[in-house]
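What follows is a set of notes on a single structure, which appears directly below.
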There are 2 protein chains.
Amino acid sequence: MDEHRDITLAKKHIYRMTPQRKVILEEVRKMNNHPSADEIYEAVRKKLPRISLGTVYRNLEILSEQGEIQKLELTDSVNRYDWDTRKHYHIRCVRCGRVDNAPIAPMQQLENELYGATVFTILGHRLEFIGLCPECSKKLSCLKNNPPDK
Amino acid sequence: MDEHRDITLAKKHIYRMTPQRKVILEEVRKMNNHPSADEIYEAVRKKLPRISLGTVYRNLEILSEQGEIQKLELTDSVNRYDWDTRKHYHIRCVRCGRVDNAPIAPMQQLENELYGATVFTILGHRLEFIGLCPECSKKLSCLKNNPPDK
DNA sequence: ATGATATTGAAAATTATTTTATAAATGGTG
DNA sequence: CACCATTTATAAAATAATTTTCAATATCAT
Ligand SMILES: [Zn+2]
Ligand SMILES: [Zn+2]
Ligand SMILES: [Zn+2]
Ligand SMILES: [Zn+2]
C-alpha cells in the first residue's frame with residue numbers, strides 16, 4: 001500500500017538498539033527458511049515472552065530499511081524475511097509455501113533489455129520461481145494414484 | 001493462501017453463463033490498464049448497479065480458472081486482471097501502482113537453468129519489473145528540487 | 001414445466017499488516 | 001547523577017483486500 005515512504009523520504013530517524021530489536025535480528029540470522037513475521041514472532045517469544053507482534057513487524061521493517069536483513073515480497077500473501085541481504089532469487093512451493101534460494105545468478109541485464117522500450121524509469125526487477133517442494137511432490141503423486149472421491 | 005484448489009482438484013463444476021459473468025468478462029476485455037477487482041466492480045456497476053463486489057471477485061476467479069482472462073499476482077497488495085491471456089511480463093510503478101506490459105519476450109529457458117540444481121519440481125516463474133511511470137518520475141524530480149520541509 | 005444444482009447479493013469472517021495511544025526506556029547533556 | 005527530548009514497546013483497534021456463508025433466486029437439461 002504505502003510504497004511511497006522510501007521515496008518521498010521523511011526525516012531521518014536515529015534508531016536505538018533495544019533488547020527486542022537485538023533478539024529479533026539474532027533470531028532472523030539463525031533461520032534459514034525465509035521465515036514470515038509470525039514465525040519470527042514465535043521464535044522471539046521464547047526469549048522475550050512479553051513481546052508483541054506489532055513490535056516484531058515494526059522492527060523487521062526498520063531492520064530491512066537499515067540493510068541488516070532483507071524483506072522478501074514474493075507473490076504470496078505473507079512477506080518473508082531473509083538474513084542474507086545479497087541479491088538472489090527464490091523458488092516457492094505453490095502448495096505449502098516453503099521458500100528456498102534459487103541457485104541462479106542475478107541477471108541485471110534483464111533491465112537493460114527493457115531500457116528505451118518502455119516509458120517507465122526502470123528501478124529493478126523481481127524474479128521468482130514457482131514449484132513443488134519434494135514433500136508436496138510426493139503427496140500429490142500419491143493423490144493422483146488414489147483420487148480423493150472416486 | 002488457498003493455492004491448493006487447482007492442484008488437489010475438486011469435483012468439476014459446470015459453469016453457467018450468467019448476465020453478471022458476461023458483463024464482467026466484457027468489461028475486462030475493454031480495459032487495457034490491468035484493472036483491480038475494485039476497478040472492474042466500478043465499471044460493471046454502471047451496467048449492473050445491483051451487483052455485489054463478492055460476485056465480481058467470484059467471477060474473476062472463475063473466468064481466470066477457465067482461461068478467459070488472466071489473474072496477475074504481482075508483488076503488490078492488490079491483484080489485477082488482464083484480458084490478454086498470453087504469457088507476458090509487466091512493469092509496475094512503485095509509486096502509483098500503474099501496470100504496463102513489459103516489451104520483452106517470455107524466457108522459458110530460465111527454468112531450464114534451474115533444472116537439476118534444485119530439489120523442487122519447477123512449475124513456472126514470475127518476472128516483474130519495478131519502476132516509475134512518466135507521471136511519477138516527473139513528480140519526484142520536482143520534489144527533489146523543492147524538498148517538502150526545508 | 002420440473003428438479004437438481006449453480007449463482008447471486010449482502011453481510012460477516014478472515015488474514016496479514018498497520019496504526020494508535022499510553023507508558024516506559026534510552027542516550028545525550030549539564 | 002538528574003533532566004529531557006525522543007524513540008520505542010505494548011496492547012488493542014483499525015485497515016484493506018479478499019473469501020466465505022447462507023438464504024433466496026436463476027439456470028438449464030430433461
Ligand atoms: Zn511444499
Ligand atoms: Zn534467500
Ligand atoms: Zn506512477
Ligand atoms: Zn498484461
Side-chain angles (χ1 to χ4, degrees), chain A residues 1-6 10-25 27 34-42 44-45 47-66 68 71-81 92 96-97 99 149, chain B residues 1-6 10-25 34-42 44-45 47-66 68-69 71-81 92 97 99:
Chain A
M1 187 89 304
D2 186 15
E3 315 205 53
H4 305 205
R5 188 141 62 90
D6 26 343
K11 78 159 188 282
K12 270 265 162 45
H13 266 261
I14 294 137
Y15 293 111
R16 295 169 178 171
M17 183 46 74
T18 62
Q20 289 87 341
R21 187 165 304 154
K22 191 142 149 286
V23 172
I24 290 169
L25 180 53
E27 289 305 311
H34 305 92
S36 64
D38 209 71
E39 288 163 345
I40 295 163
Y41 173 56
E42 288 308 330
V44 170
R45 232 135 79 94
K47 300 282 173 63
L48 303 173
R50 306 227 30 188
I51 201 170
S52 83
L53 181 56
T55 299
V56 172
Y57 269 106
R58 188 168 3 84
N59 278 296
L60 288 171
E61 201 58 42
I62 291 170
L63 287 169
S64 33
E65 220 169 88
Q66 305 283 218
E68 296 287 346
K71 181 178 183 176
L72 303 181
E73 314 192 87
L74 306 183
T75 313
D76 208 354
S77 50
V78 295
N79 290 143
R80 295 170 173 282
Y81 299 85
R92 180 170 58 88
C96 71
V99 173
D149 34 52
Chain B
M1 187 91 303
D2 187 15
E3 312 205 55
H4 305 206
R5 188 142 62 93
D6 28 341
K11 78 155 186 283
K12 270 266 162 45
H13 265 261
I14 295 139
Y15 293 110
R16 294 169 179 173
M17 183 48 72
T18 63
Q20 290 87 339
R21 187 165 304 153
K22 193 142 147 288
V23 172
I24 291 168
L25 180 53
H34 305 93
S36 64
D38 210 71
E39 288 163 345
I40 295 163
Y41 174 57
E42 289 307 331
V44 170
R45 232 134 78 96
K47 301 284 174 63
L48 302 172
R50 307 227 28 187
I51 201 170
S52 83
L53 181 55
T55 299
V56 173
Y57 269 107
R58 188 164 2 87
N59 279 296
L60 288 172
E61 200 58 42
I62 291 170
L63 288 168
S64 34
E65 220 170 89
Q66 306 283 223
E68 297 286 347
I69 60 174
K71 180 178 185 177
L72 303 181
E73 316 193 85
L74 307 182
T75 314
D76 209 354
S77 49
V78 295
N79 290 144
R80 296 170 172 282
Y81 299 86
R92 179 170 58 89
V99 173

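The basis for the numbers below is simple: all heavy atoms, side chains too, and nothing from hydrogens, waters or symmetry mates. Order of the sequence lines sets the chain letters (A, B, ...), proteins ahead of strands, with each chain counted from 1. These figures come from a predicted structure and were not determined experimentally.
Nearest to the side-chain atoms of A:Thr55 among the listed nucleotides C:dG9, D:dA9, D:dT18 stands D:dA9. Out of C:dT8, C:dG9, D:dA11, the shortest distance to the side chain of A:Arg50 is found at D:dA11. In this structure, of C:dA16, D:dT8, C:dA10, it is D:dT8 that holds the atom nearest to the side chain of A:Arg21. In this structure, the nucleotide among C:dT8, D:dA9, C:dA10 sitting nearest to the side chain of B:Ser52 is C:dA10.
Mapping A:Leu53 and A:Arg58 onto DNA chain C via the closest heavy atom, the residue that lands nearer the 5' end is A:Leu53. Where B:Thr18 and A:Thr18 meet DNA chain D, the nucleotide closest to each residue was compared, and A:Thr18 sits on the side nearer the 5' end. Positionally, the nearest nucleotide of DNA chain D for B:Arg80 lies more toward the 5' end than for the other of B:Pro19 and B:Arg80.
Taking all atoms of both residues into account, the shortest heavy-atom contact from A:Met17 to A:Lys22 is SD-N, 3.7 Å. For A:Leu48 against A:Pro19, the heavy-atom pair with the smallest separation is CD1-O, 4.2 Å.
Note that the CZ atom of A:Arg58 and the OG atom of A:Ser52 stand 6.5 Å from one another [nearest 0.5 Å]. In this structure, CD1 on A:Ile24 lies 12.0 Å from OH on A:Tyr57, to the nearest 0.5 angstrom. Annotation: the span from B:Arg92 atom CZ to B:Thr75 atom OG1 amounts to 6.0 Å, rounded to 0.5 Å.
Panel note: side chain A:Arg80, backbone A:Lys71; no donor-acceptor pair is recorded below 3.5 Å. A distance-only check finds no donor-acceptor pair linking the side chain of A:His34 to the backbone of A:Tyr81 [under 3.5 Å]. Within the 3.5 Å criterion, the main-chain N or O of B:Ile51 finds no donor-acceptor partner in the side chain of B:Thr55. Remark: the backbone N or O of A:Glu39 is not paired with any side-chain donor or acceptor of A:Glu42 at under 3.5 angstrom.
Between A:Asn79 and the phosphate of C:dT17, there is a side-chain N or O to OP1/OP2 separation shorter than 4.0 Å. Neither OP1 nor OP2 of D:dA26 sits under 4.0 Å from any side-chain N or O of B:Gln20.
Computed from coordinates, the A:Glu73 CD to C:dT17 C1' distance equals 12 Å when rounded to whole Å. Atom C1' of nucleotide C:dA16 and atom CG of A:Leu60 are separated by 13 Å, given to the nearest angstrom. Separating the CD1 atom of B:Ile24 from the P atom of C:dT7 is a distance of 12 Å, rounded to the nearest angstrom. Across the protein-nucleic acid pair, B:Tyr15 atom OH and D:dA29 atom P stand 17 Å apart, rounded to whole Å. Rounded to an integer number of Å, the gap from OH of A:Tyr57 to P of C:dA16 is 7 Å. Note: CD (A:Glu42) to P (C:dA16) measures 13 Å, nearest angstrom. In this structure, the CD atom of A:Glu61 is 17 Å from the P atom of D:dT7, given to the nearest Å. Separating the CE atom of A:Met17 from the C1' atom of C:dT26 is a distance of 13 Å, rounded to the nearest angstrom.
One axis for each end of the helix from C:dA1-D:dT30 to C:dG30-D:dC1, each built from five base pairs, and the angle between them comes to 30° at 10° resolution.
Looking at residues two or more places apart in sequence or on another chain, you find no side-chain hydrogen bond (donor to acceptor under 3.5 Å, both in side chains) involving A:Gln20.
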Close N or O pairs between protein and nucleotides 1-5 of chain C (under 3.5 Å):
| unit_1 | atom_1 | unit_2 | atom_2 | d |
| --- | --- | --- | --- | --- |
| C:dT5 | O2 | B:Arg16 | NH1 | 3.0 |
| C:dT5 | O2 | B:Arg16 | NH2 | 2.7 |

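Nucleic acid contact for A:Asn59: sugar-phosphate only, since backbone atoms but no base atoms lie under 4.0 Å from a heavy atom of the residue.
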